[in-house]
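Quick note: residue numbers are just sequence positions, from 1. As the structure lists them, so they are numbered: ligands from 1, and atoms in each ligand from 1.
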Amino acid sequence: MERASASPREGRVRWPGLLLAAALVTCWSSPASAQITAEAVPPLVAEGESVLLVAHKLPETLQVIYWYRDRVTPEKEIGHLILSSNQTVDGAASTGRETLLTNGSLLLRNASQGDAGPYLINVILADFSTKQASVSFQVLPPLPTPTVTSNNSSPTEGEGPVVLTCEPETPNTTYLWRRNGEILSDGDRLQLSDNGTLTLLTVLRADMGSYECETRNPVSTRRSHPLFLNITYGPDAPLISPSDTHFPPGANLSLSCHAASNPPAQYSWLVNGTLQAHSQELLLPNITTEASGTYACLAHNAVTGLNRTAVRNVTVLEPVTWPSVEVANTTVKEMDSVLLTCLFSGSEVSIRWLFNGQSLRLTDRTTLSGNNSTLAIEPVWREDAGDYQCEASNPVSTRRSNPVRLAVIIDPTRGSSGLSGGAIAGIVVGAAAGVALVGALAYFLYFRKTGGGSDQRDPTEHKPSASRHNLGPSDSSPKKADDVTYSALDFSAQRLKEPTSASPSPSATEIIYSEVKKK
Ligand SMILES: *[C@@H]1O[C@H](CO)[C@@H](O)[C@H](O)[C@H]1NC(C)=O
Ligand SMILES: *[C@@H]1O[C@H](CO)[C@@H](O)[C@H](O)[C@H]1NC(C)=O
Ligand SMILES: *[C@@H]1O[C@H](CO)[C@@H](O)[C@H](O)[C@H]1NC(C)=O
Ligand SMILES: *[C@@H]1O[C@H](CO)[C@@H](O)[C@H](O)[C@H]1NC(C)=O
Ligand SMILES: *[C@@H]1O[C@H](CO)[C@@H](O)[C@H](O)[C@H]1NC(C)=O
Ligand SMILES: *[C@@H]1O[C@H](CO)[C@@H](O)[C@H](O)[C@H]1NC(C)=O
Ligand SMILES: *[C@@H]1O[C@H](CO)[C@@H](O)[C@H](O)[C@H]1NC(C)=O
């Protein structure tokens, strides 16, 4: 109020005269002339902020602009502007926070709730007529920074309701809730109320996270600090990894246990009922068959007090021995029968038969018995001639026998049943190496003899490839000798055929054998 009392005495002295003049002229002012208007910018003002009361459509013949608070009386004058001198004079109602701008607008700073209005603008024109307009605004308190509280800061999953409150409660406020930054809306398990509460009817672990509330009124927006809602849960049923149940002797048995839990579960391992470790991982190096048994992982949540267990039955198993195919006679007459037996030792073994490197297709003439270890063919047809292998697998190993070649002596009384005219199946060759090896060696020999073709690869390159195709258990010397014999045969056959491609494909090799026999 200092500025109000310090306002020029002169201004006040002039008051009654001007007022009288204004009052007189008002009666005669023409209603046809344009009305002036006033506008508050902004219409809703935050407490402590400024508001500008803007006068619009001011006539050109303007002489004096008065601003009043509530009523047009001298004691309610905030101030006036004399346009001829551009002089502003404070009125009796000036608080020192108002400024009359030279364009006739009134600026009010540091608005408080009591400043809301109305404000009146009164202008005096050259002809002493007056025009008047009024304007009001609302002052809203700026919102305080809200705080989120929970009536249960660490609920357990399944509990409820849990109530989060955004405080303090303020009028003209809307509330917005966020969880981990995402805006929440009303839902099955979640209720939002107009007064700033969020109710979680039943808490789930998915409700865990940082909760924030945002308050808004027309003049301000405030966001709370996040409240972390910790939800204890679990342990869930543990999972043991890896999923293997069988291990070979000498392996390092490493099992890991995991159970979803908050706080994290404490783990222990029991082997055959005896406590083995207080850890999430169990490591037993270089195991023997004695390590077979029941492995139980126990997960414990110290807060919920709950325990969950998972059990794994572990078997330590010797790998199966290399199998071999036994047959009484590798040469059979067509329409006779043949019995192939797979010899091996081991447990939990399953047997699979291969014919010419492919899984054997069963027909109504083939019978498997003894858990597939015996293969009977009756009657034998010429198309049964070829390489037989058995493959023995148990959960820790898979091993394939050397091929045994079965030859069929053709019975002329039986038709050729769709075989190509020139082909004569069934070549007596006894136990032989894999066709791929034969092909690879032939390829090698062919190039050595011709002094190398366009393909200049180092012949030694083929050795690893050949041994990879060798499905037998060991490079026993008799078999090696066989390989060489057949390679030579195969090579001469290729020479006769004048091959364009030396690709050692198994089908090409089969045909080559037929040609040799024909000669
Ligand atoms: C008067 O001046 C103020 C500040 O310069 C401005 O914001 C306002 O719009 C002006 N009023 C008119 C009617 O031009
Ligand atoms: C604004 O007004 C309030 C009282 O309404 C006063 O306490 C405060 O000091 C003022 N602020 C300024 C910057 O003048
Ligand atoms: C939290 O408030 C809800 C609703 O009022 C009530 O049902 C619940 O028991 C309260 N929880 C605690 C831990 O006080
Ligand atoms: C604020 O709330 C009051 C009643 O609580 C109401 O009269 C007023 O109009 C509201 N203001 C706004 C801007 O909504
Ligand atoms: C807020 O609203 C909810 C429901 O709308 C009501 O249950 C609760 O009592 C209210 N809290 C306060 C503090 O008014
Ligand atoms: C078992 O672990 C030891 C030491 O870490 C290691 O030397 C050995 O090769 C592992 N054995 C197997 C079968 O992985
Ligand atoms: C694993 O155990 C066997 C006997 O059980 C032993 O002969 C071998 O040396 C052990 N290997 C290692 C790497 O400790």
Hey, can you tell me if Phe355 and Tyr388 have their rings parallel, tilted or perpendicular (30° and 60° cut-offs)?
-> tilted
How far is atom 7 (O) of ligand 1 from its nearest protein heavy atom, and which residue and atom is that?
-> Leu52 CD2, 3.3 Å
At a 4.0 Å threshold, what atoms of ligand 1 neighbour a non-hydrogen atom of Ser105?
-> 1 (C), 11 (N)
Would you confirm whether Ser243, through its side chain, and Ser241, through its main-chain N or O, come within 3.5 Å as a donor-acceptor pair?
-> no
Give the residue, atom name and distance (to 0.1 Å) of the protein heavy atom nearest atom 12 (C) of ligand 1.
-> Asn103 ND2, 3.6 Å
Sub-3.5 Å donor-acceptor pair from the side chain of Asn252 to the main-chain atoms of Asn286, do we have one?
-> yes
Any protein heavy atom < 4.0 Å from atom 9 (O) of ligand 7 | no
Asp115 with Arg97: basic N within carboxylate O range, under 4.0 Å = yes
Sidechain N-carboxylate O distance under 4.0 Å for Glu212, Arg178 = no
Looking only at protein heavy atoms, identify the closest one to atom 13 (C) of ligand 6 and say how far it is in Å.
-> Gly250 O, 3.8 Å
When you measure from atom 5 (O) of ligand 7 to every protein heavy atom, which one gives the shortest distance, and what is it?
-> Thr288 CG2, 3.9 Å
Which residue and heavy atom of the protein sit nearest atom 4 (C) of ligand 1, plus the separation | Leu101 CD1, 3.8 Å
What atoms of ligand 1 come within less than 4.0 Å of a heavy atom belonging to Ala55?
-> 13 (C)
Between Asn217 (side chain) and Leu143 (backbone), is there a donor-acceptor pair under 3.5 Å?
-> no
To the nearest 0.1 Å, how far is atom 11 (N) of ligand 6 from its closest protein heavy atom, and which atom is that?
-> Asn252 ND2, 2.9 Å
Has the side chain of Gln280 got a donor or acceptor atom that lies under 3.5 Å from a matching backbone atom of Cys257?
-> yes
Starting from atom 2 (O) of ligand 7, which protein heavy atom do you reach first, and at what distance in Å?
-> Asn286 ND2, 2.3 Å
